[in-house]
Structures are given as structure tokens and as C-alpha cells.
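Have a look at the structure below before the remarks.
These numbers come from the heavy atoms of this one structure, side chains and all, not from hydrogens, waters or symmetry mates. A, B, ... follow the sequence lines: proteins, then strands. Residue 1 opens every chain. All of these numbers come straight from a predicted model, not from anything done at the bench.
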Amino acid sequence: MTAIEELKGIVYKSLKDLWEYEVDQDAILINETRSEFEGDYTVVVFPFTKALRLPPPKIAEMLGEYLVEKENNLIAFNVIKGFLNLTFSNDYWKSSLSDINTDKKYGFHPANGKKVLVEFSSPNTNKPLHLGHIRNILLGWSSAQLLEAAGYEVVKAQIVNDRGIAICKSMLAYQLFGNGTTPEKSGTKGDHLIGEFYVKFETSFKEEYAAWQETAEGKEIYEANKKEGEEEVHFYGRYKNTYFNTYSNLGLQAKAMLLKWEEADEETIALWQRMNSWVYEGFEQTYKELGVHFDHNYYESNTYKLGKELISDGLASGVFYKKDDGSIWADLEDVGMDQKIVLRSDGTSVYMTQDIGTAHIRYEDHGCDRMVYVVGNEQDYHFEALFEILKKLDEPYAHELFHLSYGMVDLPTGKMKSREGTVVDADDLIADVIEEARLGSKSRGELDNITKEEQDEIFRKIGLAALKYFIIKVNPKKRMTFDPKESVDMQGQTGPYIQNAYVRIQSILRKSENLVEARDVDYKELESIEIGLIRKMEQFSAIIEDAAEKLDPSNMANYCYDLAKMYHRFYHEFKILSAESEEAKQFRLKLSEAVAQILKTGMELLGIEMPERM
RNA sequence: GGUUCCGUAGCUCAGCUGGAUAGAGCAGCUCACUUCUAAUGAGCAGGUCACAGGUUCGAACCCUGUCGGGAUCACCA
């Protein structure tokens, strides 16, 4: 229970005692008192005026008197208009600080007996991870951590899109141009190697298409199918898919390969497994660098058939209907959407088919009360439809599904486009920020007398903190601009800034000894910033709850920054080891220790590690 | 065009279920290291919260409309 919640209960009871007024709990609003006023917490009494038929200042005055008289922890109040500012006793703050010091899991919520599955990352196996995946992974990971801290049992899952035409393109290009190379032979990370062949396919296809456009057949098609006044460039751009499916030699081969794959052709499967295994090795390395892992991997190649059974069940029970051409559809018009295809006329599965099957099997595997899908907002409509379909299918978990929909990541130069080669590669980005951290640290010389291994570990922590914080601090649902220059910044509102507050505290704690419990320290006159820090820390639990509930880690990121900022200011203004008295020193050491603890646990929930020095 | 998300300082972002004079960082200009880590702190400057109405004691926040931007509306994922 947080201080504010506790206070709410007291106000509720007081209103009843004083005026026999049973207020709606939600109507009680309590904030931290703004710094320009005297007091710690502020009760807003405007909402009570109507029921009590008294002017706001009068209510505040009476309530204030009553509270101060009744509550030992409250020692003073003042009223400004409809705001009742309450001041707490020093003993209260010291005891609150001790509560933090003695509970390593301060702010974490007890288990609530519910299980939630969080799906994130969900890569395709035909190319390496990029900046967009990083936002996804960081959001998924930190949301999972926050949910766990909020009392849930959490399963972290990814669905690997390991089959389909895309991977066949890479496979074909490898057969045609690969000369039997491997990650070892080429010295290229597995996922990057496969990505190269994917690109190779695309460029070859483009050449083939361009040549075809010059042929008699190409011209003929253009003349016959162009729209009124349509230029060649525009027409051929639009026609690309049709060309791939009907005329392209490479397209034909890729599709043949997909067919062979579906027929479980031995040679094709062997190649597919071999190439995918390279990709997984590559992904694994990137995940490790990012400090994330999964409890359960699902593979599209294993689950895509499961959906089909559910579709035929749904067809039998009238949830779906079949068109004349054999394709199967869901009618969602009763919930304000349109018709959605769930199975192609040739009986092969679409994205939706697979997702229906995956949701089902996950529930069978884990019995989750909830499932969270971390997927970009370009798929908002798809998930809305999926959730509706699962409801119609009467799936038991269907009402507890959430799409953590996040905005695209733009570059200062505009959108990331793989076709234009403006995609920021995840591994490159990680290497860059670590290098930047190394340069910054070297110029400071603070780490000169520790081993190279220890240094490297610290550079990694600092660099990744910069990168991760830069992305996580932004509200997930917002589209964000990723400026590579700013992402390696280590000053101001950044990960390293927060780490620095922690490191400063560790440095002090290394030089101190014999810490005494804060509540036993005979320290009388707490500074307002000292109280401010404790007040801030008291919110930690509420921030965890809020961030978990809203699936919004940026909440926690901003909180950690606020706390670090306040500590930096405190650090500058007051001496700790050479404080004016032994009592002040003891108190401030405990205060610093608590701040370090909250910063560390808070940042860990975001997947950001703290170095002991920097 | 339908649906949906967004619009806050030059730039990147906070701003709680509506609460006191809208906050940070970056960039710019000052200042503070013989001192517990200056990856820091203090200060200056910077705003028609896209616009117009409405709801109310009170609106950046809620409602309606307008303008601007993104996404989506595939037998793609």
C-alpha cells in the first residue's frame, strides 16, 4: 500500500466521521504538494463541495484540523483555495525510508495468482534484426518484467516466422549463387548471411523484371492493362506482384521451392533447416547482447496447420462461412468490421489461420489468463479482427487478449525502408553505442586501473543503457524519431545519467561503514529535498502497477530519471561522508542506499543493467 | 473516401482517473571542479498546448467540428 492510498483511506473515513459523507473512493484526489507550497501531500477538496454544501476552503480547514489531530504522522496543514496541504512528521519519513532499506523487493507486488504470456520479437528468418525489432524487443521484455513485478506469473514467448515465400527466396538465391558458403567459411554472422542472399534474390529479380519490361511480351502487357494515361514506371511498379506470380522465372522457382517444402521434400527441408539454424545462431547472439531471452519459442512451421482444424470446427458451428471458390471467411460486420479471410481457396493458410492456431496451443501449453502481443500499430486492424474471431470461437481466453501496439520508428531522414537500404541494423547499432561508451569512458580515465574484461563489461552496460533508455523513454504508442547521434548521447535525460547517480552512490557506500537503521538515527531536521526523495521513492510501487497495467514502460523510465535527477541535485547540495553531524551522515547514507536500490531495480525492470563504477 | 492513432519550446519528449503559475533534456548564452565520480549542478532565454466552439468551480487532458501528419481498409505478413 502506498502512502497516497493509505492517506486516501484516512480521508475517506474522516469525511464520514465529520459529515457522515460517504464519498466515492475515486473522487478522492491526492497529489504530491507542489514545491512552491508548504507540505508533502495535497488533498483536492473541490469534488466534495457539492455534497457538503460548504465552500472549499472551509472543508479543507475542517478536514485539516481533524486529520492533524487524529493522525500521529500528520503534524501540520495549510489551506490554499480548495487545496489542503498536509505535512508529515520526520519520524514518518525515517520509518518510511527504513521500510525501503529493509525490503530488497520494495515496491514489488505479491503474486496475484494470474499468468500472462507476452509475445514479442517475432522475427522472420530471412533477414537480420533491425531497429524496429529493437523497439519491439525492449517493449516486450520490459513489459514482461513489469508484469512480473506487479504480481503476475509471466511467460515470454516469440513466434518465429520460419516458413513461407520469403525464406524460400533466400534459399533459392543460396542455391543459385551461394557456392556452398557457410557462416564459418564467409566469416559472416548467420542471420546476416541469409539476409545477403535475400537481398541477392531481390536484386536479381529486379534485373530480370527490368529486362522483361523491354521484351515484346512486357510491352504488350503494359499496353493491354495500363490505366488511362498511366506511365510505364507507375504501371510496372503496380504490376510487380502479378509479374512475380505469373511470368517471373525466379518467382516460379521460388514458388516451386515453397511447394516442395510443403510436400516435405527431403532435400528442401534439409537446406531449410540448415539455413534457419544459421539464422537462429545469429539471433541468439543479438538477443544475448540485448540481455533478453524467451521461455518458449513457437515456430510457424509447427503451428500453421493447427489453425486449420479450428477453422473447420468454426465452419461446422457456423462461425465461418465458405464461398463458392472454397475460401473460408469470418463475417465481422456485427461488430463493426468487415469480412475477413481465414483460409485460402486452395486450402493453404493465411496469417490469420496461423494466429488462431497459435493462440489456442499457447493456452493449452500454459493456461494463461492473459496474452499480450507486442506488434507494431500497422497491424491494429488484424489484431482487432483476430480477437473478435477468437471470441466468436468461444475460446476461454478470448476476453483477456491485448495488443501492445507501438508506433513506427523513423529516422531523422524519414522512414526506414528496406528497399532503399535505410534500415538500421541491430548488431551495428549495438556495436556503435558500445564503442561510443568506450570513447567517453577512456577520456575520463575513471576506469584505468581495472582489467580490460571488467572495462568491456562496463562499456557494454553503459552503451546499451544509452540505446535502450533512448527507445524506452518514449510512450510506446507514439511514433518516434530515432536520431543515431542522440541515441549515443550520455548526458541529460539518458540511461548513463541514471547510471551515474547509482555509481556515485556506490562510490560513497564503498567508503562508508557501520550503517544504522534510518528510523533509529537521531536526525531531527530533515531537509526538504531529503523528504522529497523519500516521497518519490514511496511512489515506486504505484509506478510498477501503473506501467504494468497500461503496458507502458516509458512510465518507469521517466520515473527513474526524475529520481536520479533529484538525487544528483541533493548530492551536489549536501555533503554525505563529511556531513555536518554523524546523524546526518548516517541518515544520508541510508537515504542514498535506498535511492540506489530503487534505481537499480527500476532500471532492471526496463532491462537496463547498472555498473558499479563508470 | 471509411476506420484509427497522433499534433505540447528551434529539435526530442514528459505532463496521472480534468486540479494550483504547462515541465525536462538537447541545441544557445552565463556560472560552479585543491571537495563523496563534472557522464554533475545552478542560472538566462525559449509556449496562441494545431485551430474553432462546447461541457465546468477548473480543460493540454472530456465532447463536437476543422486543418495537418501516420497507419490500415489484400486469397501479404
For a quick test of your reading: what N or O donor-acceptor pairs under 3.5 Å do the side chains of residues 42-60 of chain A make, sequence neighbours left out?
residue  : atom : partner  : partner atom : Å
Thr42(A) : OG1  : Thr33(A) : OG1          : 2.7
Thr42(A) : OG1  : Asn85(A) : OD1          : 2.6
Thr49(A) : OG1  : Phe46(A) : O            : 2.7

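Under the 6.0 Å cut-off for aromatic ring centres, Phe482(A) and Phe470(A) qualify, their centroids lying closer than that. Ring pair Tyr198(A)/Phe201(A): centre-to-centre distance not below 6.0 Å. Aromatic rings of Tyr239(A) and Tyr209(A) (six-membered ring for Trp) have centroids beyond the 6.0 Å cut-off, not under it.
No engagement by Ile165(A) is indicated, since no non-hydrogen atom pair under 4.0 Å with the nucleic acid exists. Base engagement by Gln379(A) is indicated by at least one non-hydrogen atom pair under 4.0 Å involving a base atom. Residue contacts shown for Asn85(A) include a base, since a base heavy atom lies under 4.0 Å away.
The gap from the P atom of rG53(B) to that of rU17(B) amounts to 28 Å, rounded to the nearest Å. Comparing the C1' positions of rU66(B) and rC57(B) gives an interatomic distance of 30 Å, to the nearest angstrom. Taking the C1' atoms as reference points, rU8(B) lies 29 Å from rG2(B), given to the whole Å. If you take atom P in rA50(B) and the same atom in rG15(B), they sit 15 Å apart, rounded to whole Å. rC31(B) and rC36(B) have their C1' atoms separated by 22 Å, with the value rounded to a whole Å.
Distances from the side chain of Asn377(A) to the nucleotides rA20(B), rA71(B), rA39(B) place rA71(B) closest. Closest to the side chain of Val474(A), from the set rA20(B), rA71(B), rA14(B), is rA14(B). With rA77(B), rC73(B), rA39(B) as the candidates, the nucleotide lying closest to the side chain of His382(A) is rA77(B).
Between Lys478(A) and rG7(B) there is a side-chain N or O to OP1 or OP2 distance below 4.0 Å. Listed pair Lys477(A) / rC6(B) meets the phosphate criterion, a side-chain N or O lying under 4.0 Å from OP1 or OP2. Contact annotation: Arg344(A) reaches the phosphate of rA77(B) (side-chain N/O to OP1 or OP2, under 4.0 Å). Contact check, Lys415(A) against rA71(B): a side-chain N or O comes under 4.0 Å of OP1 or OP2. OP1 or OP2 of rU37(B) has not a single side-chain nitrogen or oxygen of Arg613(A) nearer than 4.0 Å.
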note = Pairs under 3.5 Å (Watson-Crick or G-U), crossing ones as [ ], inter-strand ones as |: RNA chain B comes out as (((((((..((((.....[...)))).(((((.......))))).....(((((..]....))))))))))))....

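The side-chain tip of Lys169(A) points at the ring of Phe244(A) from less than 6.0 angstrom away and within 45° of straight on. Relative to the ring axis of Tyr406(A), Arg135(A) does not place its NZ or CZ within 45° and under 6.0 Å from the centre.
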request  = Take Glu580(A) and Arg588(A) through the salt bridge (Lys or Arg N to Asp or Glu O under 4.0 Å) test and state the conclusion after the steps.
outcome  = CA-CA 11 Å; Glu580(A) 60 273 20; Arg588(A) 286 175 193 162; 3.1 Å; yes

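Taking Lys590(A) as the reference, Glu593(A) meet the salt bridge (Lys or Arg N to Asp or Glu O under 4.0 Å) condition, with sequence neighbours excluded. Residues passing the side chain to side chain contact (heavy atoms under 4.5 Å, CB included) test with Ala548(A), sequence neighbours excluded: Leu146(A), Leu147(A), Ala150(A).
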ask   = Tell me, for nucleotides 22-36 of chain B in 5' to 3' order, what letter each nucleotide earns: B for a base near a protein heavy atom under 4.0 Å, S for only sugar-phosphate near one, - for neither?
value = -SSSS--------BB

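For the salt bridge (Lys or Arg N to Asp or Glu O under 4.0 Å) condition, the pairs that include at least one residue of residues 34-44 of chain A, sequence neighbours left out, are Arg34(A)-Glu36(A), Asp40(A)-Arg535(A).
In this structure, Phe83(A) does not count as stacked on the base of rG19(B) under the 5.5 Å centre distance and 30° plane angle limits.
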